[in-house]
Chemist: 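There's a structure below that I have some questions on.
Reckoned from all heavy atoms, side chains included, excluding hydrogens, waters and symmetry mates. Predicted model only: the values in this text are computed from it and were never measured. Chain A is the first sequence line, chain B the second, and so forth, proteins listed ahead of strands; every chain is numbered from 1.
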Number of protein chains: 2
Amino acid sequence: MANIRDIAKMAGVSVTTVSRVINDHPYVSEEKRKAVIDVMRKVDYQVNRTAVSLSQGKSHLIGVVVPFVKHPYFGLLIEGIAKQAVENHYHFVLIQTNYEKEREQEALDMLKHKQIDGLIICSHRIELPTIEAYQQYGRIVVSENAAGNKSIDSVFVDHYQSFMDALAYLKHKGYKRIGYCIGRESGSNSYFRQLAYKEFLRQYPQKEFVFTENYYFEDGQKVMDEISELTEKPDALLVTSDVVAAGILTACKNAHMRVPKDMAIIGFDNQPIAKMMDITTFEIPIATMGERLFQHVLGKAINRHEELAINLIERGTV
Amino acid sequence: MANIRDIAKMAGVSVTTVSRVINDHPYVSEEKRKAVIDVMRKVDYQVNRTAVSLSQGKSHLIGVVVPFVKHPYFGLLIEGIAKQAVENHYHFVLIQTNYEKEREQEALDMLKHKQIDGLIICSHRIELPTIEAYQQYGRIVVSENAAGNKSIDSVFVDHYQSFMDALAYLKHKGYKRIGYCIGRESGSNSYFRQLAYKEFLRQYPQKEFVFTENYYFEDGQKVMDEISELTEKPDALLVTSDVVAAGILTACKNAHMRVPKDMAIIGFDNQPIAKMMDITTFEIPIATMGERLFQHVLGKAINRHEELAINLIERGTV
DNA sequence: TTAGATGGTGGAACGCGTTTCAGAGCAAGA
DNA sequence: TCTTGCTCTGAAACGCGTTCCACCATCTAA
């Protein structure tokens with residue numbers, strides 16, 4: 001494979017001139033430009049991006065850390081990220097962690113080793129202060145409320161407030177035993193939601209109903225199975241993912257329970273499935289969030305921390 | 001940031017020795033090895049992977065082309081790919097194409113520009129012969145039947161035969177008007193399925209029912225809406241994705257149709273949702289396919305073309 | 001006429017780890 | 001004693017594009 005020096009020799013110019021032609025630098029005479037282009041065409045010259053990366057000190061690659069891609073939440077987030085990547089002529093390395101710390105560490109090391117220019121962390125187990133230390137090697141952005149943090153950018157929605165709003169809404173509609181379903185118990189978003197729930201329970205005492213480890217449609221059945229074991233059952237559920245909400249709704253129907261009469265359901269995300277199944281949900285602009293995350297990692301954002309608005313979409317499950 | 005030469009100077013050795021220490025080469029005296037390690041620790045030395053890539057001529061990065069990540073089929077495929085990537089100390093660049101040729105071209109160019117060492121193409125619009133020409137720049141693997149092709153590896157299932165089997169199964173069960181739902185009309189897999197359907201129709205003439213552009217759960221409703229417009233309706237559907245099958249099943253229930261009495265459904269993939277909703281389905285080892293694709297792209301496969309077995313899982317929708 | 005752009009060009013250094021090769025020291029086998 | 005053959009070490013070349021800097025030629029404004 002020909003390199004820039006070969007081209008220079010064949011075209012009878014210096015490597016600098018070839019480089020200039022490649023990068024559309026103005027100070028090249030038409031004559032030489034043409035000569036270089038002709039040679040490049042003849043030998044089918046292709047720049048070696050690795051060499052460009054080494055020389056420029058950046059890879060034009062962003063790392064994206066997600067626990068799993070299968071989930072529609074992260075799928076949509078990646079969708080937004082991918083869109084911005086295309087627009088900015090970047091590509092991204094996907095790191096699926098399954099919430100294993102080693103995988104997250106790998107991503108941080110890639111940043112340290114200059115394999116990637118920046119890192120978008122969509123969800124993580126390694127503690128934020130540890131992550132912060134890697135900010136010196138490249139920009140890091142997280143999709144959770146990291147406001148107050150100076151070195152890490154963040155794009156997020158207010159999960160505390162949205163939970164509070166949702167709980168108040170259900171209360172107002174007359175539900176007395178409200179529970180919630182969430183994915184993993186730990187993590188920033190879960191923390192804020194739990195905080196809101198605790199606060200709600202403090203204000204309006206009732207039995208606590210929390211169902212964890214719910215990610216997919218089929219987990220809806222699991223939740224209903226757990227509920228059927230309870231003597232005192234919830235009459236409303238806040239479900240932090242529409243697909244799980246859809247699964248719960250389906251399980252309810254299979255068990256001949258009436259929704260919302262016997263069980264009210266509020267989903268989150270406003271995924272297409274929520275519309276199709278007429279599920280009341282909190283719309284979270286996930287794809288936009290992905291896009292904003294990308295803007296941040298490129299340093300194109302004005303504020304370090306950005307909160308996105310979410311709003312309730314009232315449909316038939318409350 | 002310190003580089004290998006700085007380390008060498010500080011430790012009083014040559015760069016070669018430092019390189020040897022980094023790469024665990026045996027021919028280094030304990031004394032020097034220790035000296036080098038001490039210095040590396042002191043200055044927090046980190047190898048520059050870009051430099052390694054340039055030097056070795058490979059990036060340890062694989063490109064993965066998918067039309068969209070949101071879909072559980074590709075989600076699972078990526079899951080398998082990610083698993084093998086971890087095991088082989090590789091990472092991958094995800095290229096979401098939305099079936100745009102420019103995106104696919106970008107992926108091919110990355111290979112040409114040595115940004116990636118190989119390419120896994122899960123679905124594509126650019127024709128295979130065009131893709132083939134890029135094989136000279138790195139290994140390319142596709143997840144469709146490319147047998148007979150010398151330069152491109154492939155991992156696939158026999159969609160023709162599975163469709164034939166499914167159609168025969170429905171016929172045997174007494175269904176008379178069998179149709180099918182598919183994602184996009186074009187593409188290799190769709191082609192083989194169409195071929196099988198045509199052949200079936202030739203053997204057992206009936207009205208043709210084909211529903212295209214069905215990818216997600218919510219598209220199930222769309223299919224049922226289309227069917228409700230027909231005067232002559234199908235009594236059985238082959239649905240090339242379990243999530244769509246689940247959506248159709250849900251739409252059927254909402255319309256108070258009995259499944260399988262009024263409408264039989266066979267899904268594909270055997271996703272968890274199929275189990276939960278008791279959907280008869282063809283199990284396709286998607287994650288395994290992802291893993292095999294990765295093996296192939298690393299050149300670790302014995303045969304260029306690999307067919308994976310699939311089998312029918314009989315449940316309640318037929 | 002002169003100082004100061006502006007256009008055009010190339011040599012050489014730079015980014016940084018790997019690898020080849022030559023050479024030295026030393027021990028085991030012939 | 002001589003030849004192999006291993007262990008250990010480092011200089012230098014290599015992979016390849018970018019960029020700094022020096023330099024020449026024109027041309028313009030003072």
Chemist: Can you check the A:L54 CG to C:dT18 C1' distance for me, whole Å?
Modeler: 13 Å
Chemist: Over how many whole Å does the gap from A:H113 atom NE2 to C:dC16 atom P extend?
Modeler: 14 Å
Chemist: Return the CD1 to OG distance between A:I121 and A:S154, rounded to the nearest 0.5 Å.
Modeler: 12.0 Å
Chemist: Under 4.0 angstrom, heavy atoms only, what part of the nucleic acid is B:V13 near: base, sugar-phosphate, or nothing?
Modeler: sugar-phosphate
Chemist: How many angstroms lie between CD1 in A:I7 and CE in A:M40, if you round to the nearest 0.5 Å?
Modeler: 7.0 Å
Chemist: Which comes earlier along DNA chain D counting from the 5' end, the contact point of B:T16 or that of A:V47, where each point is its nearest nucleotide?
Modeler: B:T16
Chemist: Tell me the interatomic distance from B:H25, atom NE2, to C:dT19, atom P, rounded to whole angstroms.
Modeler: 10 Å
Chemist: C:dG11, C:dT19, D:dG17: which one has an atom nearest the side-chain heavy atoms of A:A51?
Modeler: D:dG17
Chemist: Looking at D:dG17, I'd like to know if its phosphate oxygens (OP1 or OP2) sit under 4.0 Å from a side-chain N or O belonging to A:S19.
Modeler: no
Chemist: Assess, by modelled atom type and distance only, whether the side chains of A:S14 and A:T17 contain a donor and an acceptor separated by less than 3.5 Å.
Modeler: yes
Chemist: Please report, rounded to the nearest Å, how far the C1' atom of C:dG17 is from the CD1 atom of B:I4.
Modeler: 5 Å
Chemist: Of the options D:dG10, C:dC16, D:dT9, whose atoms approach the side-chain atoms of B:N48 most closely?
Modeler: C:dC16
Chemist: Is a salt bridge present between A:R292 and A:E307, judged by a nitrogen-to-oxygen distance below 4.0 Å?
Modeler: no
Chemist: Report the residue (B:V52 or B:R20) whose heavy-atom-nearest nucleotide on DNA chain C is the more 5′ of the two.
Modeler: B:V52
Chemist: Can you measure B:Q46 atom CD to C:dC16 atom P for me and round it to whole angstrom units?
Modeler: 13 Å
Chemist: Does a side-chain N-to-carboxylate-O contact under 4.0 Å join A:R125 and A:E104?
Modeler: no
Chemist: Think B:K32 has a side-chain N or O under 4.0 angstrom from the OP1 or OP2 of D:dG10?
Modeler: yes
Chemist: At how many degrees, to 10°, do the end axes of the helix from C:dT1-D:dA30 to C:dA30-D:dT1 meet when each uses five pairs?
Modeler: 40°
Chemist: What's the separation between atom CD1 in B:I140 and atom NE2 in B:H296, rounded to the nearest 0.5 Å?
Modeler: 15.0 Å
Chemist: Taking CD from B:E31 and P from C:dG25, how many angstroms apart are they, rounded to a whole number?
Modeler: 16 Å
Chemist: Can a side chain N or O of B:S55 be found less than 4.0 Å away from OP1 or OP2 on D:dC14?
Modeler: no
Chemist: Please state how far atom CG in B:N3 lies from atom P in C:dC16, giving the value in whole angstrom units.
Modeler: 5 Å
Chemist: Are the charged groups of B:D38 and B:K42 less than 4.0 angstrom apart, N to O?
Modeler: no
Chemist: What nucleotide, of C:dG8, C:dG11, D:dC16, holds the atom closest to the side chain of A:Y27?
Modeler: C:dG8
Chemist: Across the strands shown, which category fits A:V28 at heavy-atom distances under 4.0 angstrom: base, sugar-phosphate, nothing?
Modeler: sugar-phosphate
Chemist: What nucleotide, of D:dC20, D:dG10, C:dG17, holds the atom closest to the side chain of B:S14?
Modeler: D:dG10
Chemist: Given C:dG10, D:dG17, D:dG10, which nucleotide is nearest the side-chain atoms of B:T17?
Modeler: D:dG10
Chemist: Rounding to an integer number of Å, can you tell me how far A:D24 CG sits from D:dT18 C1'?
Modeler: 15 Å
Chemist: If you check every side-chain atom of A:R5, which of D:dT18, C:dT9, D:dT9 has the closest atom?
Modeler: D:dT18
Chemist: Looking at B:M110, B:K112, B:K114, B:H113, which one forms a side-chain contact (heavy atoms from CB on, under 4.5 Å) with B:Y137?
Modeler: B:K112
